[in-house]
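The structure under discussion appears below in the form of structure tokens.
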Amino acid sequence: KAKDAGRNTYRFYSPEMQAMSDERMLMDKAMHDAIDNKEFELYFQPQNSFDGSCIGAEVLIRWPRVDGSFTPPGVFIPLAEEIGLITGIGDWVMEESFRQLSIWIKEGFWQSHWKLSINVSAIQFQQAEFLVALEMLLTKYALSAKLIDLEITESMLLGDLTVSRKKMNKIRELGVFLSIDDFGTGYSSLKYLKTLPINRLKIDQSFVRDLLIDSSDAAIIAAIIAMAKALDIEVIAEGVETEEHYCELQHMGCDRFQGYYFGRPMPAVEFVKNFSVTSDPTKYI
Ligand code: C2E
Ligand code: MG
Ligand code: MG
Ligand code: MG
């Protein structure tokens, strides 16, 4: 500890740095407690086809605070990755997602052509046990692999590419789908797309946000769509917030969408309420 080394060492830390590390230590403790006390929840956000119908959901973790707000995953997930808690959290997300999906199948809610997309941290993906854990969960919950989509990021490619490629191939052999999340923001070289068994690119929401006012964002999206089509990879646009986004993306040849325009992330109960497919045709009139 800096304190043990004597007062003089304090000058190496600015007050801002000290406050930052205090906050991180508090968060570290709070996250350990959150795992032990099962404080995390899963929310589900719809993914939609060209015509707007539901084609599945992305699972997004939520960590409620006592006041009813949430600690954003964009804040605590990177920290969990740094301090080695992400595999514990990631394992929980996987198991809980599989459990929920198996319930939805039994209830007849989940449609056989829908996929459940689960975010997998690069660190979790790179664990030697990841593949075995995935297979065990598929067996335990008696799930068809084709219902599962794993969202990985380009940072996964920073590790040993040969190892990652082998693992991805085995995942595909199981029948599980693979998506690259936040596509266009990372380090991936386009040649990886040719050699890796990727099923879907998720166009990052930062390109979608200003699509209608920034022609370079529009150009990047058009390029991603054209490349994906040529390589026979699916595309989905993230951050589709308005009808204008939806129409413009449709016009550009994008055929899958996710965003507030179609639905915000919501608890499982609400997801069922909003996206039940009814056999009653009057519902659509
Ligand atoms: P992501 O995987 O790219 O997830 C999409 C994020 O965009 C989510 O933020 C979602 O709520 C948000 N979003 C969806 N539609 C819209 C929209 O129309 N407009 C805007 N502005 N935002 C939209 P969220 O839930 O805060 O998650 C942030 C990130 O945290 C995720 O980005 C993902 O990287 C990470 N994350 C969330 N849950 C998990 C998890 O279970 N495991 C792991 N490893 N990471 C997770
Ligand atoms: Mg994602
Ligand atoms: Mg994303
Ligand atoms: Mg993201």
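Each residue takes its place number in the sequence, starting with 1. Indexing begins at 1, ligand by ligand and atom by atom, following the structure's order.
One finds an angle of 90° at the Mg ion (ligand 2) between OD1 on Asn119 and OE1 on Glu151, to the nearest 10 degrees. Rounded to 10°, the angle formed at the Mg ion (ligand 3) by Asp182 OD1 and Glu238 OE2 is 100°.
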Residue pair Lys202, Asp182: steps toward the salt bridge (Lys or Arg N to Asp or Glu O under 4.0 Å) verdict = CA-CA 6 Å; Lys202 297 195 80 176; Asp182 306 337; over 6 Å; no

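Look at Glu58 and the Mg ion (ligand 2): an N/O/S atom of the residue is under 2.8 Å from the metal. Between the Mg ion (ligand 2) and Ser179 there is no N/O/S contact shorter than 2.8 Å. Coordination check, Asp181 versus the Mg ion (ligand 2): passed, since an N/O/S atom of the residue sits under 2.8 Å.
Counting atoms of ligand 1 from 1 in the listed order, those under 4.0 Å from a heavy atom of Val93 are 41 (O). Ligand-side atoms of ligand 1 in range of Pro265: 11 (O), range being under 4.0 angstrom from any heavy atom. Close contacts between ligand 1 and Asp181 involve ligand atoms 1 (P), 2 (O), 3 (O) [criterion: under 4.0 Å to a heavy atom].
Between the side chains of Asp204 and Thr185, no donor-acceptor pair is found at a separation under 3.5 Å. Checked by atom type, the side-chain pair Gln47/Ser117 shows a donor-acceptor distance below 3.5 Å. Looking at Tyr43 and Glu270, their side chains never bring a donor and an acceptor atom within 3.5 Å of each other. Under 3.5 Å, the side chains of Glu238 and Gln258 contain no donor-acceptor pair of N or O atoms.
Annotation: salt bridge (charged side-chain N to carboxylate O under 4.0 Å, His left out) contacts of Arg256 (sequence neighbours excluded): Glu234. With sequence neighbours excluded, the residues that form a side-chain contact (heavy atoms from CB on, under 4.5 Å) with His32 are Asp28, Leu85.
Under the 6.0 Å distance and 45° angle rule, Lys167 counts as a cation-pi partner of Phe125.
In Asp36, the CG atom is crowded: over 12 heavy atoms of neighbouring residues, nucleotides or ligands sit closer than 6.0 Å.
Compare Val240, Asp182, Ile118 by their heavy atoms: the one nearest to atom 3 (O) of ligand 1 is in Asp182. Ranked by closest heavy atom to atom 26 (O) of ligand 1, the top entry among Ala122, Ser121, Pro73, Pro46 is Pro73. The residue among Gln45, Glu241, Arg62 with a heavy atom at the shortest distance from atom 19 (N) of ligand 1 is Glu241.
Of the polar atoms of Ile86, none of the N or O atoms is found under 3.5 Å from an N or O of ligand 1, judged by distance alone. Looking at Gln258 next to ligand 1, no N or O pair under 3.5 Å apart turns up.
Hydrophobic cluster membership is shared by Ile233 and Met227, with clusters built from Ile, Leu, Val, Met, Phe, Trp and Tyr side chains linked at under 4.5 angstrom.
Looking at Thr153 against ligand 1, nothing comes within 4.0 Å, counting heavy atoms. At a heavy-atom distance under 4.0 Å, only side-chain atoms of Glu238, from C-beta outward, approach ligand 1. Residue contacts with ligand 1 for Leu60 involve both N, CA, C or O and side-chain atoms from C-beta outward (heavy atoms, distance under 4.0 Å). Contacts between Gln205 and ligand 1 below 4.0 angstrom, taking non-hydrogen atoms only, involve the side chain exclusively. Contacts of Glu58 with ligand 1, taken as heavy-atom pairs under 4.0 Å, involve the side chain alone.
The closest approach between any non-hydrogen atom of Pro72 and ligand 1 is not below 4.0 Å.
You'll find the ring centres of Phe70 and Trp63 outside the 6.0 Å limit.
Relative ring orientation between Phe50 and Phe257 is described as tilted, the plane-to-plane angle lying within the 30° to 60° band.
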